[in-house]
Amino acid sequence: MPRQPSPSASLIEMPSAAWKRSLARRLLAWFRRHRRDLPWRQSRDPYRIWISEIMLQQTQVATVVPYFNRFLEAFPTIEALAAADEHEVLRLWEGLGYYRRARGMHEAARQMVARFDGHFPTTLAEIGSLPGIGRYTAGAIASIAYDAQAPILEANTVRLLSRLVAFDGDPASGPGQKQLWALAEEILPRRGCGDFNQALMELGSLVCTPKAPDCLACCLAPLCAARAQGRQQEIPRRATRVAIEAVREASVVVWHGGKVFLRKRAAGERWAGLWDFPRFPLEAESAPAARRELSQKVREQTGLAIAGTRHFATLKHGVTRFRITLDCYAATSRGAKSRLAGGQSQWIEPAGLERLALSVTGRKLSRMLDDPAARSPWRASV
DNA sequence: AATACGGGGCG
DNA sequence: CGCCCAGTATT
């Protein structure tokens, strides 16, 4: 049995050739038996691999599967994606979160048409030059689609590699990242790097789990330094979480003649490119103060003058480090003239909201519009 | 190095 | 509820 590379250290010692051979042999044998049959594993089409990798950023496999299938049906090729409207792409992305990924992917497809004659680029550097593709994603695509000898490092492999060598340092720090990337590169086999990288992630995801790693079922247990030291629970070191901040916001369904008002979120804003009801932080404590604040802020954000404001629901949700309490109001606008630029706002019948890309809370709100409570008590001034 | 960016899965 | 997730771009 090859000896473990380091007893315990915040400096990672590179493993021996014998240890690396054992690692690759064990890992690939395990992967052949336990490889999940995921939709993006049915081919080595770099386009499909790319879509899956972008969707999988900070998003679990089970969540991605249905989105991946719908997306590929709508945009089966680079050309189809490049030719789409950004809004169509966002509509299919709705609910997946991190919408920058969808915008970046659309832009990347356009760049592939412009820069690479509509083909997916083939070198690691070219792949990594596209928007939304960092070091991990470039390595994943290059190795999985082209079998390039490119390393990857993400949540699963950080955990797995840290445990394998009993890495004591902070894996999120600069020095920790540098060493883990070096290890990820060092252990790559000469061939079969796509399977090797996927196997690392798969084992990290299914066996070498964060809370209770199943070392008894792990094909790498004999090579694992953390396991040998009984420290698999405490490695890797946990990141210190940023404090969650409570925030209160309001959304207002503004009615006019049977239609509701939506604005398109501007670039640089949260949910850029998505449609939304007028929405803003709400400070007021009392109902009358809230009514005044809503009128003022709706006017600031849209130019519309509202009346008959009524609270009809409260939604709670999280956005990154914020815990948002969203108070939902209905109101009526006296006029239809907003001060937003053309294309940045619209009056639309509730049924038409199905076509628009909304945030998850926007979608929940839109589903309530049949409820009489979500109508303003004031008659629309048609 | 820290922060913004969403939402859901799961114990 | 809290923790975690096939990260990237920006500051």
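All values reported here derive from a predicted model rather than from experimental measurement. Residue numbers start from 1 in every chain, and the chains themselves are labelled A, B, ... in the order their sequence lines are given, proteins ahead of strands.
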Any A/Arg238 side-chain N or O less than 4.0 Å from OP1/OP2 of C/dC4 = yes
inquiry  = It should be established whether A/Gln58 places a side-chain nitrogen or oxygen under 4.0 Å from OP1 or OP2 of nucleotide C/dG7.
reply    = yes
ask   = Between atom CZ in A/Arg159 and atom P in C/dC3, what is the gap in whole Å?
value = 16 Å
query = Could you give the CD-to-P distance, from A/Gln60 to C/dC5, as a whole number of Å?
reply = 8 Å
key: Residue-level proximity of residues 41-55 of chain A to DNA chain B when a heavy atom falls under 4.0 Å   = none
query = For DNA chain B, which nucleotides open and close the run of contacts to chain A, 5' to 3', at under 4.0 angstrom from a non-hydrogen atom?
reply = B/dA1 to B/dG9
inquiry  = Using the ring pair (Phe, Tyr, Trp, His ring centres under 6.0 Å) criterion, which residues pair with A/Phe120? Sequence neighbours excluded.
reply    = A/Trp50
For A/His34, all residues meeting ring pair (Phe, Tyr, Trp, His ring centres under 6.0 Å), sequence neighbours excluded = A/Trp30
task = Look at all strands and tell whether A/Thr63 reaches a base, only sugar-phosphate, or nothing, counting heavy atoms closer than 4.0 Å.
result = sugar-phosphate
request  = Determine the contact category for A/Trp93: base if any of its heavy atoms lies under 4.0 Å from a base atom, sugar-phosphate if only primed atoms, P, OP1 or OP2 are that close, otherwise nothing.
outcome  = nothing
Distances under 3.5 Å between protein N/O atoms and the N/O atoms of nucleotides 9-11 of chain C, please, pair by pair.
residue : atom : partner  : partner atom : Å
C/dA9   : OP1  : A/Gly132 : N            : 2.6

Which pairs of donor and acceptor atoms, one on a side chain in residues 154-161 of chain A, lie under 3.5 Å apart (sequence neighbours left out)?
residue  : atom : partner  : partner atom : Å
A/Glu154 : OE1  : A/Asn156 : N            : 3.0
A/Glu154 : OE1  : A/Asn156 : ND2          : 3.1
A/Glu154 : OE2  : A/Asn156 : N            : 3.4
A/Glu154 : OE2  : A/Thr157 : N            : 2.7
A/Glu154 : OE2  : A/Thr157 : OG1          : 2.5
A/Asn156 : OD1  : A/Arg159 : NH2          : 3.0
A/Asn156 : OD1  : A/Ser205 : N            : 3.4
A/Thr157 : OG1  : A/Glu154 : N            : 2.8
A/Thr157 : OG1  : A/Glu154 : O            : 3.2
A/Arg159 : NE   : A/Cys208 : O            : 2.6
A/Arg159 : NH2  : A/Gly204 : O            : 2.7
A/Arg159 : NH2  : A/Cys208 : O            : 3.3

